[in-house]
Amino acid sequence: MPSIRTFCFSSALSGNPVTADAVTECIHKLKESLKDQHPDLLFLFVSPHHAHAFSVLPEQLYAALQPRHLFGCTGGSVIGAGREVERAPALALTAACLPEVKLRTFHLQGDGLPNLDFGPHVWHEALGFDAAAKPQFVLLADPFSFP
């Protein structure tokens, strides 16, 4: 009998300065909370203290949690599991199980943006979505480098 998927959200935060231990801690907490579900969307927020591992984190998270999509960024402050860590090592994961919700991730570079003077249709074309579908967005932008 197929399992019934329900909406669920779970969050974990680790202040462990050892990246491998922080990742393991957060993954363990999420797996415990999610039971047998794999997240449709996994948010990763990580402090610069773990910069040496930025390139391997996605592979580790895909292997351990099997999310459909991974979305995240770095930050001087990291929030997760109802707590905030400022100017210290931190790694936070938030998992969302969103059955039958259509998700799509994309990445924009500042120099690849459509001409803002041409109206919304250029955004529809650039991002490949139908405005009639009334899409919703989660945006993570760097206010120092993105126009």
Side-chain angles (χ1 to χ4, degrees), residues 1-110 112-114 120 122-147:
M1 174 192 280
S3 62
I4 297 173
R5 292 194 61 212
T6 58
F7 284 96
C8 68
F9 293 86
S10 184
S11 183
L13 178 130
S14 176
N16 195 316
V18 178
T19 305
D21 294 342
V23 170
T24 299
E25 180 183 338
C26 287
I27 287 171
H28 175 74
K29 287 178 183 176
L30 288 184
K31 280 186 170 185
E32 189 175 90
S33 174
L34 295 173
K35 311 266 186 265
D36 293 328
Q37 294 193 81
H38 298 289
D40 294 298
L41 183 57
L42 183 63
F43 292 90
L44 165 65
F45 301 103
V46 61
S47 70
H49 303 85
H50 298 291
H52 64 280
F54 286 172
S55 64
V56 298
L57 285 173
E59 183 178 323
Q60 290 175 318
L61 296 173
Y62 277 112
L65 296 168
Q66 300 174 17
R68 279 183 33 218
H69 300 279
L70 176 62
F71 187 70
C73 67
T74 62
S77 295
V78 172
I79 297 173
R83 299 187 348 244
E84 178 180 9
V85 176
E86 293 185 40
R87 295 184 294 272
L91 186 140
L93 295 175
T94 298
C97 299
L98 306 165
E100 299 186 35
V101 172
K102 293 179 183 177
L103 298 171
R104 190 175 66 109
T105 56
F106 55 87
H107 180 260
L108 296 174
Q109 295 284 11
L113 296 178
V122 296
W123 285 96
H124 303 167
E125 292 171 14
L127 301 179
F129 70 88
D130 177 12
K134 299 184 180 177
Q136 306 294 309
F137 296 90
V138 175
L139 175 66
L140 299 176
D142 177 2
F144 304 106
S145 65
F146 197 81

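All values below were derived from every heavy atom in this structure, side-chain atoms included, with hydrogens, water molecules and symmetry-related copies excluded. From a predicted model like this one, the values you see are computed outputs, not experimental measurements.
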Practice prompt. Looking only at non-hydrogen atoms, find the nearest pair between P89 and N16 and report the distance.
Written response: CB-O, 4.2 Å
Item to complete: Please name the pair of heavy atoms, one in K35 and one in E32, separated by the smallest distance, quoted to 0.1 Å.
Response: NZ-O, 3.6 Å
Response to the item:
Smallest heavy-atom separation, L57 atom then T19 atom, equals CD2-CG2, 4.3 Å
Worksheet, complete the sentence: Output for pair (L98 CG, F7 CZ), nearest 0.5 Å, gives 6.0 Å
Practice prompt. With the side chain counted from C-beta on, respond yes when V46 and V78 share a heavy-atom pair under 4.5 Å apart, and no when they do not.
Written response: no
Practice prompt. May I ask you to check whether over 12 heavy atoms, not counting those of R104, lie within 6.0 Å of atom CZ?
Written response: yes
Worksheet item: Taking all atoms of both residues into account, what is the closest heavy-atom pair of A81 and S11, and its distance?
Response: N-OG, 2.8 Å
Item to complete: Applying side-chain contact (heavy atoms from CB on, under 4.5 Å) between F71 and each of L42, T94, L140, L103, report the one that passes.
Response: L140
Discussion item. Once ring pair (Phe, Tyr, Trp, His ring centres under 6.0 Å) is applied, what residue pairs with a partner in residues 85-110 remain, sequence neighbours excluded?
Written reply: none
Worksheet item: Tell me, which pairs form a salt bridge (Lys or Arg N to Asp or Glu O under 4.0 Å) where one or both residues lie in residues 14-28, sequence neighbours left out?
Response: E25-K29
Practice prompt. Look at the rings of H52 and H50 and say which category their plane angle falls in: under 30° parallel, 30 to 60° tilted, over 60° perpendicular.
Written response: tilted
Worksheet, complete the sentence: Closest non-hydrogen contact found for D40 with R68 is OD1-NH1, 2.8 Å
Item to complete: Would you check if F45 and I79 make a side-chain contact, meaning some heavy-atom pair closer than 4.5 Å?
Response: no
Worksheet item: How close do L91 and C26 get, heavy atom to heavy atom, and via which atoms?
Response: O-SG, 3.5 Å
Fill in: Approximate separation, where rounding is to 0.5 Å, of F9 CZ and S33 OG
12.0 Å
Discussion item. Return the CD1 to OG distance between I27 and S14, rounded to the nearest 0.5 Å.
Written reply: 11.0 Å
Fill in: Reported CG-to-NE2 distance for the pair L41 and H69, which is rounded to 0.5 angstrom
7.5 Å
Worksheet entry | H49 NE2 to R87 CZ distance, which is reported to the nearest 0.5 Å | 10.0 Å
Response to the item:
Distance col, row L65:CG vs Q37:CD, nearest 0.5 angstrom, shows 12.5 Å
